[in-house]
Amino acid sequence: MSAADVRQVAGSDLRRTARAVQEAALRWLSRNRAHFLLGDGALAPDGRVNDSWKPLGELAQVCSTLCARTPPSDPVHSCARELLAFAWRETGEGALFLPLQRGEPFATYPLEVYAAFASAGLRHPGYERAAATVAATRGWRLTEQHPTRRLGVLCAERQIGLHRDDHESELLARTWLGGLPEPWTFERASGYALTHVVFHLTDWGRGGPGLPAAVADHLAHWSPAWLVTCLEAGLWDLACEVAAVAALVPTARTDAAFEAALGETWPRIARAQYTSGALCEVDTRMPQAAPSQEAVPRDEGAPGPDGHGFRTCYHSTLMAAFAAGLTLARWDGVCDEPSPSWMTTGVPG
Amino acid sequence: MASVEKTVEEVRIRDVDLEAVLDPAEADGVFRDSRECAALALIQGEGSLLLSPPTPRPKKR
Amino acid sequence: MKQSGASALLQGAVQDLASGVASALRGGGRTSREDLHATVRSTSDLDLAAARVLGADLLLPAVLDGTAPTGPEVDLARRAFDAYPPPVTAAPTVAWSHWALGHTLRRVGAPSGPVPEPGPEPDASWLTGAPWPSLTHHLAVLAPLALPGQDCAVARLARGRTLDVARGFVRAIRRRDWYQAAGAGRWLAVLPDVPHTLGLPSGLDFVELMGGGDARVLLQVRAARLIGSGVSV
């Protein structure tokens, strides 16, 4: 791939494809937003938070990033802003976090969901005071969590101005990604772990402390192979997450193969996406063995408006919109730079 | 007997498309993942890592 | 059915031959060539075809050992070279594997008789600009060209694309394509500037663990280790 080809990536068919995937995904999310409603059981002791707060939190997280990475004039920005406002209203403009926390004072998910809103400027001072009170205890800080999870809590605390003395570098070194694993040990579970480490260190693509150089190098070297094999395996949600991570890697812009892997993700995701805009989590036709040719175009099908279809599609569809947003922001950033070195010198392969 | 076998073999080897053997297409990928025994699993798939797993809840009395 | 039965026979013969070579490589090429000698003495068309499939690697123990190959090894390699000249329309990998066989015959020298003329290098332009996954696939098929100091267009091209081959190695393992992974691993053993984060030595151990039941995989893994240990050629 020549430097000229790389330039083309940023301004051509691939860009249009990524944008089309994103717009279709957002249309589906908007049409199906009623499925994100918390429902009556949201505060019940036996409520299923994975079916209520978790989807709502993911919606807020993704929309917050899309708002941050698009100009207000962009229709995607307006759409994300509207969905975010919808989700915020659903939390009683933050008021529901108080009884939620009162029910489970040491649960981290209320804070993590709230933090997604807070990062977009939607805040509830009363809840923040309550969260800070609990977060000040040794017990909260001593909660035993996997390092990847702990980084997620630190990220959430950061959004409401809480800082603790945890050594993020030590935590990071104990994660799969931060320990710089042999890249060929990648599997699905390590994939989810690595993408979330990156999301937590970058505040979901909005900033954050960022990636240490060694981690950024590791991703620059190996994320193309992880991305391509997720696509080949039909793991659409993980492919989108890895694409989002790749779009956040700062050091790879002179690597044409890296940029090509990110660019070529979009036609493949587009082929897997239903015409409704929904994207399934996995290609169910190849649970074990996937042919090297990826999915053929599919028409509107299985995931109807019923709860089951929503549950199997909402996460991947959110991740598609998220990853497309970060990819487009990366390409726009590339185009804004007057003369990146790869445009003038060319790159191998 | 041996020469008969040999002749049969030689006839059969001519049926092989040696060029296809020397220039094979890439093998189909086999994608499998290691599992955790469910009782021991601390994280589950299907994207549930995105936010924290739910805290264990008290049983309804 | 006819075709698949014959293919299975051929694959079996290739396995036998590869197993002989892999066995000879176990001790660095110096210990045991008996297994190899047992297999190269066969003279049927099937063995000849198998020798053509294994190609230049038939002579790998001699190449890595720096010793002259034995008469039967050279004889089989020589006859395979002569029996299967690539047609004009041959795929580039077919032409290259034939060239590699001729080139290696010339390199090791024949104990007796004339050395074949490998002819000019085939065209390598088809690999130029190949995306890294297909580059790695083709290089793995041409793993016999991965030797220290090997100077040919394919090797020169590979030397400029270490990271691509390393990514291909990762992809091949994730696909459980052990043959491709082993071939890519052998190339990485001769390529410069392999990122240390790849973990090539343990990667080769892993490929052997998972795919070493296939003698062709075992052969490439052992070749990669020998080359990586700095065996002089």
Side-chain angles (χ1 to χ4, degrees), chain B, chain C residues 1-14 42-50 52-55 80 83-84 86-87 89-98 100-101 126 133-134 136-138 140-142 144 168 171-181 183 210-211 216:
Chain B
M1 193 63 197
S3 68
V4 173
E5 275 175 11
K6 191 162 182 282
T7 308
V8 170
E9 190 179 82
E10 282 167 9
V11 169
R12 294 180 75 174
I13 202 66
R14 276 200 290 275
D15 295 332
V16 177
D17 180 359
L18 198 65
E19 267 211 68
V21 178
L22 291 169
D23 182 34
E26 184 173 52
D28 285 347
V30 176
F31 297 98
R32 276 192 67 182
D33 293 298
S34 310
R35 287 178 295 182
E36 289 262 18
C37 178
L40 303 171
L42 290 167
I43 49 175
Q44 51 190 32
E46 295 180 23
S48 57
L49 260 172
L50 189 69
L51 288 171
S52 58
T55 313
R57 289 163 172 269
K59 285 211 171 90
K60 226 177 177 181
R61 287 165 203 260
Chain C
M1 279 312 289
K2 217 173 163 190
Q3 166 82 27
S4 68
S7 291
L9 269 180
L10 176 60
Q11 292 306 341
V14 172
S42 317
T43 54
S44 72
D45 279 5
L46 188 64
D47 298 307
L48 207 55
R52 173 65 182 91
V53 173
L54 204 58
Y84 295 101
T89 56
T93 46
V94 178
W96 271 102
S97 64
H98 189 261
L101 180 55
W126 105 103
S134 67
T136 309
H137 163 66
H138 288 301
V141 172
L142 292 176
R171 173 175 172 270
I173 291 184
R174 175 65 176 148
R175 293 170 65 88
R176 302 196 174 201
D177 185 342
W178 308 119
Y179 183 66
Q180 183 180 170
M210 299 292 284
R216 301 181 73 190

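Just so it is clear: chains get the letters A, B, ... in the order the sequence lines come, proteins before strands, and each one is counted from 1. Every heavy atom of this structure was used, including side-chain atoms; hydrogens, water molecules and symmetry mates were not.
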Short side-chain to backbone donor-acceptor contact, C/R175 and B/A27, under 3.5 Å: yes
Interface residue of largest heavy-atom contact number with chain B, from C/A90, C/S97, C/P92, under 4.5 Å: C/A90
Proximal component of B/A20, with respect to chain C [non-hydrogen, under 4.5 Å]: neither
Proximal component of C/V53, with respect to chain B [non-hydrogen, under 4.5 Å]: both
Qualifying residues under side chain to side chain donor-acceptor pair (under 3.5 Å), relative to C/T89, sequence neighbours excluded: none
Pairs of heavy atoms under 4.5 Å with chain B: top-ranked of C/Q180, C/R52, C/H98: C/R52
Partner residues of C/R174 under the salt bridge (charged side-chain N to carboxylate O under 4.0 Å, His left out) criterion, sequence neighbours left out: B/D33
Portion of C/Y179 that has a non-hydrogen atom of chain B nearer than 4.5 angstrom: neither
Within the 6.0 Å centroid threshold, strictly below: C/H138 and C/W96: no
Value rounded to 0.5 Å, distance of CZ in C/R171 from CD in B/E26: 4.0 Å
